[in-house]
Amino acid sequence: MYSKYATDVSTQVQNSQLQLMQKDVDTGSYWLPLVAGGPKCRLQVGPNPRLKVGSSLSLTRYMLGRGVKRKMSEYEASGGLGPLPDLPYPQQRQLVLDLCLNKLQGCHTRAEPSLHRSVLLANTLRHIQEELRREGGDPPAILAPAPPHVATPLHSPDMPPIPPDCGVICSPTGGCWPGLPIAMKEPGLIGGCGDNTRSSDSLFGSFEITNSTSYLTDLAFDDIFEDIDTSMYDSSDFSVLALPPARGTGTTTGPEDSLKPFPSCTSTSTLQLCLTDLNDLDHIMEILVGS
Amino acid sequence: MTSPRHVDGAVHAPSWNEGEKNHGQILVAPLLLHLLLFPSSFSALKPLFFDPPRAFAWRRKLLGHVGGADGEAGVAPRGHTAMAGGNDFQWCFSQVKGAIDEDVAEADIISTVEFNYSGELLATGDKGGRVVIFQREQESKNRPHSRGEYNVYSTFQSHEPEFDYLKSLEIEEKINKIRWLPQQNAAHFLLSTNDKTIKLWKISERDKRAEGYNLKDEDGRLRDPFRITSLRVPVLMPMDLMVEASPRRIFANAHTYHINSISVNSDHETYLSADDLRINLWHLEITDRSFNIVDIKPANMEELTEVITAAECHPHQCNVFVYSSSKGTIRLCDMRAAALCDRHTKFFEEPEDPSSRSFFSEIISSISDVKFSHSGRYMMTRDYLSVKVWDLNMENRPVETYQVHEYLRSKLCSLYENDCIFDKFECCWNGSDGAIMTGSYNNFFRMFDRNSRRDITLEASRESSKPRAMLKPRKVCTGGKRKKDEISVDSLDFNKKILHTAWHPKENVIAVAATNNLYIFQDKIN
């Protein structure tokens with residue numbers, strides 16, 4: 001298990017440069033409703049090109065890894081060390097974040113989701129998000145990139161351009177990583193949120209339009225930030241946990257969903273679903289049982 | 001700074017209970033040699049030198065007895081001697097129960113182990129909803145070395161899989177907990193629970209039956225009363241011993257979430273049951289009513305950040321109970337204060353060590369088990385990497401912290417990925433509260449002696465399962481070169497985990513559940 005992990009990590013590192021050159025598109029943008037009933041905002045969490053391989057491989061790992069006994073030779077060949085020490089901090093965080101979301105997404109496939117586990121996962125996710133926000137110093141900078149690749153060409157012009165001196169590197173996939181090494185600041189990576197948006201849109205043709213894009217057009221940028229600052233992290237809110245649109249498949253919600261005030265803006269907010277489910281059922285139970 | 005009271009396996013002292021005054025002498029030689037050979041392990045010893053009260057005592061002894069080297073230097077630690085009590089003894093294999101097959105049926109996996117108050121009976125529950133009770137045989141004079149083996153006494157199906165049509169959820173039959181009631185008469189009673197329903201079982205023996213009724217004929221039909229002409233008193237005839245388990249009470253429909261704990265109160269009349277968000281108080285005789293004494297469910301479930309992970313009644317004060325949370329805190333409540341114990345009386349929490357912060361800090365601090373000491377003065381909590389002993393009179397930090405498998409700290413990401421990080425290890429006290437035991441991976445389990453602060457890693461394996469074979473202490477290599485007899489962290493088998501253990505309430509007999517096998521070990525006095 002560990003060895004497999006270690007192998008994956010090395011692959012990731014080797015491929016990272018290659019991927020930067022290809023400006024490949026990662027579909028890892030997650031929709032994170034911020035406030036119950038309030039407007040929604042998008043938090044870019046999966047754009048790090050270095051981790052693209054990791055995130056796709058991690059899915060296979062899930063299928064193979066569990067319960068498979070590791071062979072001696074295998075782990076010796078790979079050094080058998082855990083992945084974390086090898087990775088720079090932002091990547092570690094990204095990895096954990098990806099795993100978190102994957103696990104939360106998987107929880108609804110279990111017969112009986114464990115509330116304990118879901119809550120622990122959710123809190124971890126929350127901490128990482130908060131850290132991401134804090135690290136930006138200027139919180140909007142992290143969340144700002146109003147990910148160009150998610151916005152359709154139609155909508156992207158509505159995005160106010162981000163000043164190029166904002167000090168944040170935008171990866172081709174729209175994620176902003178203040179801590180990324182200088183080497184990654186190649187042309188086309190910087191300031192991708194601004195005028196380059198349109199050009200880069202063509203690269204994201206494969207990315208599905210999510211329902212949420214429509215509300216972005218209706219919102220001034222400031223409104224979104226206001227929302228983040230005031231409420232996202234103050235209320236420890238499960239709505240933060242909405243999950244990403246399923247990768248590789250089209251997003252499922254229709255545009256009309258975005259009009260609902262309900263905090264879940266993706267259809268795949270599994271934890272939320274199972275929690276609200278439990279909540280509702282709990283209520284029904286109380287009525288029926290009279291407890 | 002690391003917690004000052006870490007105890008690590010790298011501390012080599014050859015004996016457990018040689019008496020205080022000898023400690024320094026025997027300790028120094030192997031310690032110094034070890035340091036010479038493995039300088040890297042000094043970091044593991046560091047806590048000793050920074051633990052203000054205790055470490056100074058140790059250091060004083062160390063410095064004062066440098067010349068006391070003897071022939072034991074460099075020998076593997078005799079840490080397996082005397083784990084509790086004042087005797088010098090070693091753990092040895094006694095019995096193993098369960099199939100040997102490599103293929104383990106899910107239903108056969110043991111999910112709880114519990115001795116009764118006398119230690120005469122040992123109950124296990126499994127994922128298949130069965131309860132198996134073992135009884136200790138009387139020691140026979142013919143075989144002086146066989147010291148009361150445990151044999152199957154009764155087996156019954158406690159819970160069946162169910163389907164909750166209202167919620168469209170399957171309810172597993174897995175036995176989450178078993179708790180014995182103190183024995184009041186010839187029969188034994190225990191509570192068993194799955195995720196939702198608690199049952200009170202009566203286990204009773206029958207070795208006689210009444211014979212000689214003349215009211216019924218042989219087919220069991222009532223006879224014509226006019227044809228009964230004589231008064232006949234039935235007589236009790238001996239028969240083969242039969243052990244019956246019968247459900248006496250079923251406590252259902254009170255838990256919306258998964259029950260994680262049940263605990264019989266010291267009044268012997270009530271018990272509490274805890275699920276993820278609520279704790280209920282029951283009377284053992286009343287099944288249609290329970291009192292909700294704790295409810296941490298927020299009005300809006302989206303605000304939920306904490307769940308209840310375990311709860312237990314105080315062993316002597318029937319008004320006091322504790323519950324632990326997924327945030328690593330413990331709340332002590334007094335039922336006299338209010339009917340609803342939403343406000344705790346005491347709040348036990350250790351400030352987080354900023355140096356060891358990671359993404360997984362909260363997950364690994366989640367408490368998986370809480371147990372009062374028999375004396376009722378202390379309680380022990382188990383989180384993912386450590387066991388902590390708390391004095392009920394001190395809320396701001398534990399009085400003792402024992403690292404169970406600190407070498408996993410660098411592996412947390414992988415353990416998180418393969419979901420092991422959510423494993424719920426339990427812990428238990430020995431009868432005199434002088435030692436504690438908890439499980440780990442690779443079929444390893446750990447014991448900590450509270451007086452000598454020595455620790456030991458033992459393994460539950462078939463290889464060492466010869467009758468009365470001595471258990472060899474195991475050691476996991478933590479960085480640096482792997483020594484002979486050491487096992488590398490990377491070759492640990494994380495599918496073999498010991499989550500449930502139990503310690504006989506009076507003797508040094510332990511029961512260790514390793515997947516589908518139950519191992520019983522006992523002491524051997526030298």
Side-chain angles (χ1 to χ4, degrees), chain A residues 1-3 5 36 58 61-62 65-70 72 75-76 79-85 92-93 95-97 99-100 103 111-112 114-117 119-124 126-128 131 235-241 263 272 275-279 281-282 284-286 288-289 291, chain B residues 164 166-172 195 253-258 260 275-277 280 290 292 297-309 326-327 358-364 366 368 408-422 424 488-495:
Chain A
M1 232 173 276
Y2 287 112
S3 58
Y5 210 117
S58 65
R61 271 205 302 273
Y62 288 134
R66 209 176 290 184
V68 178
K69 199 171 173 182
R70 183 183 18 71
M72 190 73 171
Y75 99 84
E76 276 174 352
L81 279 174
L84 273 186
Q92 291 179 22
R93 181 167 56 199
L95 189 65
V96 175
L97 197 59
L99 285 169
C100 236
K103 281 176 188 294
E112 286 183 281
S114 156
L115 187 65
H116 181 203
R117 183 173 174 274
V119 165
L120 288 176
L121 284 170
N123 288 349
T124 307
R126 240 182 244 130
H127 285 149
I128 295 176
E131 196 178 287
S235 67
S236 43
D237 197 327
F238 258 95
S239 55
V240 181
L241 305 168
Q272 201 172 351
L275 286 177
T276 44
D277 247 24
L278 280 171
N279 204 12
L281 287 163
D282 200 19
I284 296 169
M285 277 292 282
E286 275 167 13
L288 289 175
V289 180
S291 66
Chain B
D164 184 336
L166 207 55
K167 298 187 188 179
S168 197
L169 274 181
E170 283 175 34
I171 301 172
E172 282 182 302
D195 283 340
N253 301 323
H255 283 281
T256 314
Y257 302 93
H258 292 180
N260 52 48
D275 69 20
D276 293 322
L277 298 177
N280 292 333
S290 74
N292 178 235
K297 182 172 174 286
N300 181 0
M301 273 296 266
E302 291 172 357
E303 289 162 14
L304 180 68
T305 60
E306 188 173 12
V307 297
I308 298 168
T309 54
S326 58
K327 284 194 187 290
S358 78
F359 302 117
F360 312 109
S361 296
E362 182 171 335
I363 299 181
I364 61 171
S366 176
S368 50
L408 296 182
R409 194 176 286 278
S410 60
K411 309 284 172 195
L412 287 177
C413 192
S414 307
L415 293 162
Y416 171 71
E417 195 189 8
N418 66 14
D419 256 10
C420 282
I421 204 168
F422 300 105
K424 296 183 83 176
S488 139
V489 179
D490 296 297
S491 43
L492 295 175
D493 187 342
F494 289 91
N495 291 317

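First the proteins, then the strands, lettered A, B, ... as listed; each starts at 1. Just so you know, these numbers come straight off a predicted model, no measurement behind them.
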Checking heavy atoms, do the side chain of B:Ser366, its backbone, both or neither come under 4.5 Å from chain A? side chain

Who are the side-chain contact (heavy atoms from CB on, under 4.5 Å) partners of B:Ser361, not counting sequence neighbours? B:Glu352, B:Arg357, B:Ser358

Search all heavy atoms of A:Lys103 against all heavy atoms of B:Asn418 and return the closest pair with its distance. NZ-N, 4.5 Å

Test side chain to side chain donor-acceptor pair (under 3.5 Å) applied to B:Thr309 - qualifying residues, sequence neighbours left out: B:Ser324

For a side chain to side chain contact (heavy atoms under 4.5 Å, CB included) check, start with the C-alpha distance between B:Asp419 and A:Arg117, then their side-chain angles and the critical distance, and finish with the verdict. CA-CA 10 Å; B:Asp419 256 10; A:Arg117 183 173 174 274; 2.9 Å; yes

So, the part of A:His116 with a heavy atom under 4.5 Å from chain B: the answer is both

Are the side chains of B:Thr305 and A:Arg126 in contact, using a 4.5 Å heavy-atom criterion? yes

Within the 4.5 Å heavy-atom criterion, are B:Ile421 and A:Leu120 side-chain neighbours or not? no

Nearest heavy-atom contact between A:Leu95 and B:Cys413 is CD2-SG, 4.0 Å

Side-chain touch A:Val119/B:Asp276, heavy atoms, less than 4.5 angstrom: no

Which atoms of B:Phe422 come close to chain A, meaning under 4.5 Å heavy atom to heavy atom: side chain ones, backbone ones, both, or neither? side chain

Taking side chain as C-beta onward, heavy atoms only, is B:Tyr416 less than 4.5 Å from A:Leu121? yes

What is the distance from atom CG of B:Asn260 to atom CG of A:Leu115, rounded to the nearest 0.5 Å? 10.5 Å

Heavy-atom closest pair, residues B:Phe359 and A:Thr124: O-CG2, 3.5 Å

If one checks every heavy atom of B:Ile308 against chain A at 4.5 Å, the contacting part turns out to be neither

